[in-house]
Amino acid sequence: MHELSIAQGIVDIIRQYVPADQTADVRQVKVRVGHMAGIVPDSLDFCFGAIVDGTPLGDARLDIEETPVRSQCAGCSEVFVVEGSVFRCPSCGSPEIRIISGTELQVIEIQLSDRQAGAI
Amino acid sequence: MNIITIERKVLERNDEIADQNRALLRQHGILAFNLVSSPGAGKTSIVERTLEHLGQDVRVGVIEGDVQTDFDAQRVARYRVPVIQIVTNGGCHLEARLVQDALAQMDLRGLHMLIIENVGNLVCPANYDLGEAMKVVVLSTTEGDDKPLKYPGMVRNASVLLINKIDLIPYIPCDLAALRKNALQINPHLQIFETSCTTNAGIAEWCRWLKEKGVHRP
């Protein structure tokens, strides 16, 4: 539901890292979205496209990497993926588990087209 | 291709401000909780019953978050507590910055507790730290006993679950044991209270726990 503001946050991060005269060269922005980040990837993609349309970032596309909810059991140290809201160790049955990943929402990298190649 | 590697949290700025809020609240010895639920689960009624029950010896401030109107702040103001209304104008959740602005308008001296009533929504507020010490989630019996399974992110992040509208149990197909089991499956450390804002059932237990948790002045 808040993908629009998240998309705006991604645009803000791009602007922080890419000099103003190079924003038109941004082609792809790699984003990592955990399954428990509360984000619908398709919706984020749509919102990002709507925000950058008609701006210097108009050629930028999101590359969304989805990460599963991985956990580690506090008892037996088993590492596993949480499926279907079952937050319990599949090996020993303990509910004492620690979530390792799957809640992240990060901008990983920004790819810019190599301007020099076409410049001369 | 030129690649800039960054690995930055999109909500990093929010989290920074949330940490500032948390530090400010801790400095004043205030226990803050973020009250979340679906629309209509009874958050504002819980705030009202809690204020009534805590009485004068516990000083509570309230921040009300709503998409529109200050109706909730008006309801809470009747209890003669400091209250700030945040209107998000369509925003589906509160953010740390909004809470920071609200805190700047509130006299924090002498307060023991701060209740931040979030916008009714069980998805987005789960991901926005406001600087609270804990999240308190309200699920009402009319929402069904499978509700925790539908919103694992929120239930996992919460410290307390208030199962509200317990007085309606005779009239609706809600299995309380199943609701508890579903919630504990996602978060075995949840503190659970069964409440009714109509009959006041469970309010005393909830408030007793809250007092033990929160009122220890430096």
Side-chain angles (χ1 to χ4, degrees), chain A residues 1-14 16-19 22 25-40 43-44 48 69 71 74 82-88 94-99 102-117, chain B residues 1-17 36 38-39 67 88-98 118-129 135 145-158 180-190:
Chain A
M1 271 155 109
H2 58 296
E3 282 80 357
L4 193 61
S5 61
I6 296 298
Q8 185 59 54
I10 293 171
V11 168
D12 292 343
I13 289 175
I14 296 170
Q16 280 174 41
Y17 283 88
V18 180
Q22 289 177 39
D25 301 331
V26 176
R27 292 292 173 268
Q28 200 170 69
V29 181
K30 193 168 177 183
V31 180
R32 190 172 291 148
V33 177
H35 283 168
M36 235 170 79
I39 293 289
V40 180
S43 175
L44 181 62
F48 182 80
V69 182
S71 295
V82 174
E83 308 267 14
S85 294
V86 181
F87 290 75
R88 193 182 300 122
S94 169
E96 299 297 330
I97 62 170
R98 188 173 61 86
I99 294 178
T103 59
E104 59 274 69
L105 178 54
Q106 295 169 310
V107 177
I108 303 299
E109 64 179 35
I110 302 170
Q111 295 184 6
L112 296 89
S113 69
D114 199 347
R115 232 194 320 190
Q116 284 164 336
Chain B
M1 277 284 178
N2 232 329
I3 295 179
I4 305 174
T5 304
I6 45 182
E7 300 235 3
R8 259 193 63 184
K9 285 168 74 176
V10 178
L11 293 175
E12 191 173 272
R13 187 71 193 123
N14 181 79
D15 293 351
E16 283 168 10
I17 298 170
V36 293
S38 303
V67 171
T88 64
N89 273 316
C92 53
H93 58 273
L94 290 181
E95 297 187 9
R97 165 79 69 192
L98 296 170
N118 218 311
V119 177
N121 177 350
L122 282 175
V123 185
C124 317
N127 302 306
Y128 287 84
D129 184 4
K135 285 188 174 67
D145 45 45
D146 56 356
K147 193 90 180 220
L149 301 178
K150 295 176 178 171
Y151 299 93
M154 186 61 91
V155 174
R156 183 81 194 175
N157 283 338
R180 279 176 171 268
K181 180 171 160 281
N182 289 336
L184 290 171
Q185 171 188 317
I186 293 165
N187 183 351
H189 299 292
L190 264 185

Kindly compute the distance separating [atom1] ([X]) from [atom2] ([Y]), expressed to the nearest 0.5 Å.
| X | Y | atom1 | atom2 | answer |
| --- | --- | --- | --- | --- |
| A:Tyr17 | B:Ile6 | OH | CD1 | 5.5 Å |
| B:Asn2 | A:Arg27 | CG | CZ | 11.5 Å |
| B:Asn157 | A:Ile99 | CG | CD1 | 7.5 Å |
| B:Leu184 | A:Phe87 | CG | CZ | 13.0 Å |
| A:Glu109 | B:Thr5 | CD | OG1 | 5.0 Å |

Q. When you look at A:Leu105 and B:Asn127, which way does the side-chain contact (heavy atoms from CB on, under 4.5 Å) test go after all the steps?
A. CA-CA 10 Å; A:Leu105 178 54; B:Asn127 302 306; over 6 Å; no
Could you look at [X] and say if it's the side chain, the backbone, both or neither that has a heavy atom under 4.5 Å from chain B?
| X | result |
| --- | --- |
| A:Ile97 | both |
| A:Gln16 | side chain |
| A:Ser5 | side chain |
| A:Glu104 | neither |

Q | Pairs of heavy atoms under 4.5 Å with chain A: top-ranked of B:Ala126, B:Gly91, B:Pro152 | A |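 Sorted descending by pairs with chain A, the first entry is B:Pro152.
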Q: Sort by residue number and list every member of residues 7-15 of chain B having a non-hydrogen atom under 4.5 Å from chain A.
A: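 Checking residues 7-15 of chain B against chain A gives B:Glu7, B:Arg8, B:Lys9, B:Val10, B:Leu11.
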Q. Side chain, backbone, both or neither: which part of B:Tyr128 has a heavy atom under 4.5 Å from chain A?
A.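 Side chain only.
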**Q.** Shortest non-hydrogen separation from A:Ser85 to B:Leu149 and the atoms involved
**A.**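 Scanning both residues, the minimum pair turns out to be OG-O, 3.0 Å.
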Q: Could you pull out the closest heavy-atom pair between B:Cys92 and A:His2, with the gap in Å?
A: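 In terms of heavy atoms, the two residues are closest at SG-CB, 3.6 Å.
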